[in-house]
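Below is one structure, written out as structure tokens, with a few remarks after it.
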Protein chains: 2
Amino acid sequence: MAIVVQKYGGTSVASTERILRAARRVAWKRSQGYDVVVVVSAMGDTTDSLIALAEAINGDAHPSPREMDMLMATGEQVSAALMAMALQRLGVPAVSLTGFQAGFFTDDTHRAARILDVKPDRVRKELEAGRVVVVTGFQGIDAAGDLTTLGRGGSDLTAIALAAALDAEACQIYTDVDGIYTADPRIVPNARRLEEISYEELLEMSSSGAQVMQLRSVEFARQYGVEFEVLSSLSPLPDEGGTEEKKTKVVARVNPQFQRVVTGVAVNSKVARITLLEVPDRPGIAAKLFSAFARNKIVIDDIVQSGGPGATQADISLTVAKDDLDVSLDICREVMQEWPGTQLVYDVDVAKVSIVGSGVASNYGVAATMFTALAERGINIEMITGSEISISCLVRASRAAEAVQAIHEKFGLGDGDQPVAIGTRGGEDAKAGQK
Amino acid sequence: MAIVVQKYGGTSVASTERILRAARRVAWKRSQGYDVVVVVSAMGDTTDSLIALAEAINGDAHPSPREMDMLMATGEQVSAALMAMALQRLGVPAVSLTGFQAGFFTDDTHRAARILDVKPDRVRKELEAGRVVVVTGFQGIDAAGDLTTLGRGGSDLTAIALAAALDAEACQIYTDVDGIYTADPRIVPNARRLEEISYEELLEMSSSGAQVMQLRSVEFARQYGVEFEVLSSLSPLPDEGGTEEKKTKVVARVNPQFQRVVTGVAVNSKVARITLLEVPDRPGIAAKLFSAFARNKIVIDDIVQSGGPGATQADISLTVAKDDLDVSLDICREVMQEWPGTQLVYDVDVAKVSIVGSGVASNYGVAATMFTALAERGINIEMITGSEISISCLVRASRAAEAVQAIHEKFGLGDGDQPVAIGTRGGEDAKAGQK
């Protein structure tokens, strides 16, 4: 029988009622003729409770990562056992397995372990015996036999890795939203759910602020070629409404019928901008700065450097996560000691607004359309960066929501909107109606 | 280095404060030059919380024992991780191990698994590396790789089994009382803590109502010849008061200096008496009754049969745990169908008061002294039973406390009491002052 892996996140198993509800969804899938493997996260607030216990013990000291893994791994074990019981109560044969029982072998980087191998022999055996297999997300075992956890978003990793190892027909990630939208529906009421999105686009959307999934899980899926679906566990059950489940499929190549030049608009308000003024304009300056950040394990979100040919000084602007601002400023001050006259300024009242789409770089006029949308509202662009599939503008934080709305509308991305036709470079991909 | 196994029960690790306090006690023991292995139970109310979750999922249905074990095993894992962190915070190298990591192999009787083998290779390795090893009590793994739990009192079993496997110098069971007393101090204020007690006496005290430890753990200790100490984790730490720790040692043979004819007085109020009146007095009647109880897995606490030579009818009285009363009455009614004319009565307002001591059966006058103590207070004896090391009287529940006080005083068991001299059968053991 075809195998389906379903993953239920913390909000989907936040209470015993929700677990029972999720179990009905699993039972329904099984009734459709699938072998179902369920991956569960810890119940909503369990993780916080466990962390609070650890903090009460450790005070200001940092607990050993190994012992934190031992502690945190219990969260998923509780929900896995309860999910198996819930299924049994519905008359569905079920068995729960911990990470090591399910064959998750990792390295020994506690709290952020890397999956080295998945040997799901026991999972297969239980499926063959007609059982739904409930696997604890987020965890595995290292070569020494110690429990490890995979870090944030780890349960998604578990589901995707299991789908790959079992050659599953589908991998369904149940969360509290019913898919990926063209923009955050709280900001743009007529934002449209995407039928499909590519790994690259989702990665870009996520790193631009749309926090549906951890980057790591999406990268892992891309690496192993596992296509997956994002669905809501809060939507009506198939046996309640009979309507088809809403979802977004995350795929390697989006089906041409769903392709658009611009896929979505994202906003990231958790960035801060740091500017170094009057930096000596000579080779190796950017490298020096990047190296210092890398040594301190701080990720630079974006970087731009001004100053044209012949200039002896340049301004360097970079954005970092707001949480990293203090450390980043220290790094800059350290590096700047070698550059007398260089000044340091920063700004936390900024937000990064991005358009994402596989057609962004290859189409004429996309950037122009974006900038026009902002200009029409009188929103100043303070910094521009771009990638193969995105263009980002730094704007005042207070204007960020308006900027997203303006851009979303300008590209006609919403429900009921007329998509705006934009010219495409090259021949084969050219569409009718381009200017 | 000599190994000491310390076990901390649910009340001893009920909060993070208590865990930190227990950790100081472990650290102190280690500072005295011992390799310390710590066995922990689940934190005080964790077990109840987990059971409540399971009940919310299962409603009236019985959850699968396998899944209950998966669920319950998380309780000890949490306290083990926290204990390891607490030790590390005190500067003591420590590592926590689950039942399977510590090498506990059991059968597959979920919720009441039997230990088949203990292979503490990892424990030894960690001790050799200079670490305190914290082991989750109560659990192991079966041949299929499934988690199992050892049932009530299971953490004591874990400690005793580890002490045996590691050939430990001492096994210390920390609980909320500082030892075994001659009687329950809440009933008898001047009850005296025993320095030593034999396995057999403790078993008899426990089955007579003194619930310090599960019978199973004591039997296990006797079987493997592991002597252990019962101590209080709530008493002052050695580094606080400097006084020696109070305790009771549970041993194979009590040191002659601590031997008494009567060791203690126990009371069990959780019994009910069932009487079958006018039962045909012929061979096989008692066997029939016992077999029916055994088939239903109900333990008969005590049984007496009246009726002398020549009688054609007898009365049979038996005591069972109050919780088993309803089932027991059903069993009796079933069996009685073959005995027309037999009547069934029962009484729940009774309590069993027992004296326990290795000298009880071999000494003249012990029973007489006990009965005299009760007679002096006008307490009626409703049933008498005895074993090699105990004599029990059934009395009105309302008079039970007074009965214990009277007997305790009569035998001079309390602090400041003058022990009563009682005659001994035989020669070598005879003591001066016997009558």
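Here is how names work: the chains are called A, B, and so on, in the same order as the sequence lines, proteins then strands, and each is numbered from 1.
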So, the part of B:Ala23 with a heavy atom under 4.5 Å from chain A: the answer is neither
Q.
With a 4.5 Å cut-off on side-chain heavy atoms, are A:Gln77 and B:Met70 touching?
A. yes
- prompt: With a 4.5 Å heavy-atom cut-off, do A:Trp28 and A:Leu237 have their side chains touching?
  reply: no
Okay, B:Met72 and chain A: the region with an atom under 4.5 Å from a heavy atom over there is neither
Turns out that what part of B:Val95 lies under 4.5 Å from chain A's heavy atoms comes down to both
Would A:Thr74 and A:Leu50 count as a side chain to side chain contact (heavy atoms under 4.5 Å, CB included) here? Give the steps. CA-CA 9 Å; A:Thr74 61; A:Leu50 292 172; 3.6 Å; yes
So, the part of A:Met68 with a heavy atom under 4.5 Å from chain B: the answer is both
Salt-bridge present (B:Glu128, B:Arg124; N to O < 4.0 Å): no
Cationic N near anionic O, under 4.0 Å, A:Arg25 to A:Glu245:
yes
Under 4.5 Å to a heavy atom of chain A? For B:Asp146 that would be both
If one checks every heavy atom of B:Leu87 against chain A at 4.5 Å, the contacting part turns out to be neither
Are the ring centres of B:Phe105 and B:Phe100 closer than 6.0 Å? no
Under 4.5 Å to a heavy atom of chain A? For B:Leu147 that would be both
Pair count under 4.5 Å, heavy atoms only, with chain A: among B:Thr98, B:Leu20, B:Leu53, highest is B:Leu53
Heaviest contributor of heavy-atom pairs below 4.5 Å to chain A, chosen from B:Pro63, B:Ala61, B:Ser64, is B:Ser64
If you count heavy atoms of other groups shown closer than 6.0 angstrom to CZ of A:Arg114, is the number above 12? no
Greatest number of non-hydrogen atom pairs under 4.5 angstrom with chain B, of A:Thr16, A:Val78, A:Asn58, falls to A:Asn58
One option among A:Val134, A:Leu97, A:Leu71 has the most heavy-atom pairs under 4.5 Å with chain B, and it is A:Leu71
Quiz item: Less than 4.5 Å apart, any side-chain heavy atom of A:Gln6 and any of A:Leu231?
Solution: no
